[in-house]
Protein chains: 2
Amino acid sequence: MSKDEEILEELSEFFKAFSHPVRLKIIINLMEGPQCVKNLGETLDMSQPSISQHLSILRNKGIVGCRREGSLICYYIKDPRVKKLYNLLIKEEISWQEKS
Amino acid sequence: MSKDEEILEELSEFFKAFSHPVRLKIIINLMEGPQCVKNLGETLDMSQPSISQHLSILRNKGIVGCRREGSLICYYIKDPRVKKLYNLLIKEEISWQEKS
DNA sequence: TGACTATATTTTGATATAATAATAACCTAA
DNA sequence: TTAGGTTATTATTATATCAAAATATAGTCA
């Protein structure tokens with residue numbers, strides 16, 4: 001695969017991370033700060049395995065990172081492009097998320 | 001479906017448009033100006049039905065629009081978010097596309 | 001009208017993704 | 001070490017997406 005094709009592959013994989021409403025929700029939540037899986041599950045009212053699966057997709061793409069904190073595992077936004085994308089296109093659409 | 005969920009659905013569908021390398025290529029080409037299907041097919045070296053299928057996906061999401069010009073059908077970027085996204089995240093990655 | 005060019009749609013089979021349930025792994029604290 | 005809480009993985013099934021081929025549609029021009 002040529003260098004150019006690799007770039008397009010990587011970019012399309014990046015966007016694929018945002019192409020599922022649940023993953024969008026997760027990313028939006030993490031934009032407010034690191035969160036443990038348990039909190040995410042409660043906030044989003046979803047089953048633990050489902051959250052965990054979507055987190056593993058985001059992790060494999062390098063979109064998020066995680067660290068253990070005691071008995072919890074904390075996820076955070078890792079890819080700097082996420083913040084840019086969030087500010088440019090996502091933030092303005094999700095008025096319900098606005099923090100004063 | 002709640003209003004919020006609809007917004008997330010729409011956003012994720014938008015990003016899904018960018019989650020395939022061929023569609024990225026098409027979008028990048030259209031960012032340089034409207035193109036007919038034939039030109040796209042030649043530029044990207046792909047079969048006509050394949051181009052046409054991806055174009056129809058982009059059309060259904062409102063990402064691109066098209067108009068007939070004589071015997072050709074011309075596609076163009078329609079969704080204003082595309083330009084923002086292109087300038088923010090795509091342009092800088094695709095050095096091979098640079099126009100002097 | 002008929003032939004030709006350009007584009008779209010449909011169908012099929014292969015592959016990827018998704019949701020759910022079940023289970024495993026890992027930490028902490030008693 | 002055992003129990004309980006937290007997270008990850010696996011397996012299964014359903015669904016969606018993809019590529020390729022075949023076919024259909026629509027416009028143009030002789």
Side-chain angles (χ1 to χ4, degrees), chain A residues 1 5 8-27 29-30 33-78, chain B residues 1 5 8-27 29-30 33-78:
Chain A
M1 192 157 63
E5 280 166 342
L8 288 177
E9 279 290 337
E10 199 282 329
L11 251 184
S12 61
E13 285 301 315
F14 174 76
F15 288 123
K16 197 179 287 182
F18 296 83
S19 72
H20 191 290
V22 167
R23 286 196 295 271
L24 269 183
K25 271 196 204 176
I26 291 176
I27 289 168
N29 265 271
L30 292 183
Q35 301 269 340
C36 68
V37 181
K38 195 187 173 214
N39 278 350
L40 283 173
E42 286 166 359
T43 303
L44 308 182
D45 192 28
M46 294 185 47
S47 76
Q48 175 272 318
S50 180
I51 293 275
S52 203
Q53 259 191 103
H54 284 295
L55 283 173
S56 107
I57 291 171
L58 295 172
R59 213 182 334 115
N60 291 334
K61 295 188 199 295
I63 305 282
V64 303
C66 62
R67 58 176 170 262
R68 179 170 285 277
E69 295 195 352
S71 67
L72 306 180
I73 295 189
C74 236
Y75 279 79
Y76 55 91
I77 301 288
K78 188 169 149 197
Chain B
M1 194 157 61
E5 280 166 341
L8 288 177
E9 279 291 337
E10 199 281 329
L11 251 184
S12 61
E13 284 301 315
F14 174 76
F15 288 123
K16 197 179 286 182
F18 295 84
S19 73
H20 190 289
V22 166
R23 287 195 295 272
L24 270 183
K25 271 196 204 176
I26 291 176
I27 289 168
N29 265 270
L30 292 182
Q35 300 269 340
C36 68
V37 182
K38 195 185 173 217
N39 278 350
L40 283 174
E42 286 165 0
T43 303
L44 308 183
D45 192 28
M46 294 185 47
S47 76
Q48 176 272 317
S50 179
I51 293 276
S52 205
Q53 262 190 97
H54 285 294
L55 282 173
S56 106
I57 290 171
L58 295 173
R59 213 183 333 116
N60 291 334
K61 294 187 199 295
I63 305 282
V64 302
C66 63
R67 57 176 170 262
R68 178 169 286 278
E69 294 196 351
S71 67
L72 306 180
I73 295 188
C74 237
Y75 278 80
Y76 55 90
I77 300 289
K78 188 169 149 198

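The figures here come from the full heavy-atom set of this structure, side chains too, leaving out hydrogens, waters and symmetry mates. Here is the naming used below: chain letters follow the sequence lines, and residue numbers restart at 1 for every chain.
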A.B. asks: Which whole-number value in Å describes the distance from A:Q53 CD to D:dT13 P?
C.D. replies: 16 Å

A.B. asks: State whether B:R68 places a side-chain N or O below 4.0 Å from either non-bridging phosphate oxygen (OP1 or OP2) of C:dA8.
C.D. replies: no

A.B. asks: Side-chain N or O of B:Y75 versus OP1/OP2 of C:dA8: is the shortest distance under 4.0 Å?
C.D. replies: yes

A.B. asks: Report yes if at least one side-chain N or O of A:S52 is closer than 4.0 Å to OP1 or OP2 of D:dA8; otherwise report no.
C.D. replies: yes

A.B. asks: Calculate the interatomic distance between B:L55 atom CG and C:dT7 atom P; express it in whole Å.
C.D. replies: 10 Å

A.B. asks: How close or far is atom C1' of D:dT7 from atom CD of A:Q35, stated in whole angstroms?
C.D. replies: 16 Å

A.B. asks: A:L72 has an atom CG; how far is it from atom C1' of C:dT28, in whole Å?
C.D. replies: 11 Å

A.B. asks: Starting from P on D:dT17, measure out to CZ on B:F15 and report it in whole angstrom.
C.D. replies: 17 Å

A.B. asks: Within the structure, does a side-chain N or O atom of A:K16 lie under 4.0 Å from either OP1 or OP2 of C:dA16?
C.D. replies: no

A.B. asks: B:F18: what forms a ring-ring contact (aromatic ring centres under 6.0 Å, His included) with it, not counting sequence neighbours?
C.D. replies: A:F15, B:F14

A.B. asks: Could you tell me how far apart A:M46 (CE) and D:dT6 (C1') are, to the nearest whole angstrom?
C.D. replies: 17 Å

A.B. asks: Could you go through A:N29 and A:N39, starting from their C-alpha distance and side-chain angles, then the distance that decides it, and tell me whether this counts as side-chain contact (heavy atoms from CB on, under 4.5 Å)?
C.D. replies: CA-CA 10 Å; A:N29 265 271; A:N39 278 350; over 6 Å; no

A.B. asks: Would you tell me if any nitrogen or oxygen in the side chain of A:H54 comes within less than 4.0 Å of OP1 or OP2 on C:dA19?
C.D. replies: yes

A.B. asks: Give a yes/no on whether any side-chain N or O of A:H20 is located under 4.0 angstrom from OP1 or OP2 of C:dA19.
C.D. replies: yes

A.B. asks: Looking at A:Q48, is its backbone amide N or carbonyl O close enough to the side chain of A:S52 to form a donor-acceptor pair, meaning the two atoms are under 3.5 Å apart?
C.D. replies: no

A.B. asks: Taking atom types as modelled, is there a side-chain donor on B:Y75 or B:R67 under 3.5 Å from an acceptor on the other?
C.D. replies: no

A.B. asks: May I ask you to say what A:I51 touches in the nucleic acid, namely base, sugar-phosphate or nothing, with a heavy-atom cut-off under 4.0 Å?
C.D. replies: nothing

A.B. asks: Between B:F18 (CZ) and D:dT17 (C1'), how many Å, whole number?
C.D. replies: 18 Å

A.B. asks: Measure the distance from CZ on B:R59 to C1' on C:dT7 and round it to the nearest whole Å.
C.D. replies: 10 Å

A.B. asks: Please work out if B:S50 contacts a base, only the sugar-phosphate, or nothing of the nucleic acid, heavy-atom cut-off 4.0 Å.
C.D. replies: nothing

A.B. asks: Could you tell me whether the side chain of B:S12 and the main chain of B:E9 form a donor-acceptor pair under 3.5 Å?
C.D. replies: yes

A.B. asks: With the side chain of B:P49 defined as its heavy atoms from C-beta on, choose the nearest nucleotide among D:dA21, C:dT7, C:dA22.
C.D. replies: D:dA21

A.B. asks: So does B:Q48 reach the base of C:dA8 with its side chain, donor to acceptor, closer than 3.5 Å?
C.D. replies: yes

A.B. asks: Which nucleotide in the set C:dA6, C:dA18, C:dT9 lies at the smallest distance from any side-chain heavy atom of A:R23?
C.D. replies: C:dA18

A.B. asks: Quick check on DNA chain C: between A:V22 and A:S71, whose nearest nucleotide comes earlier from the 5' end?
C.D. replies: A:V22

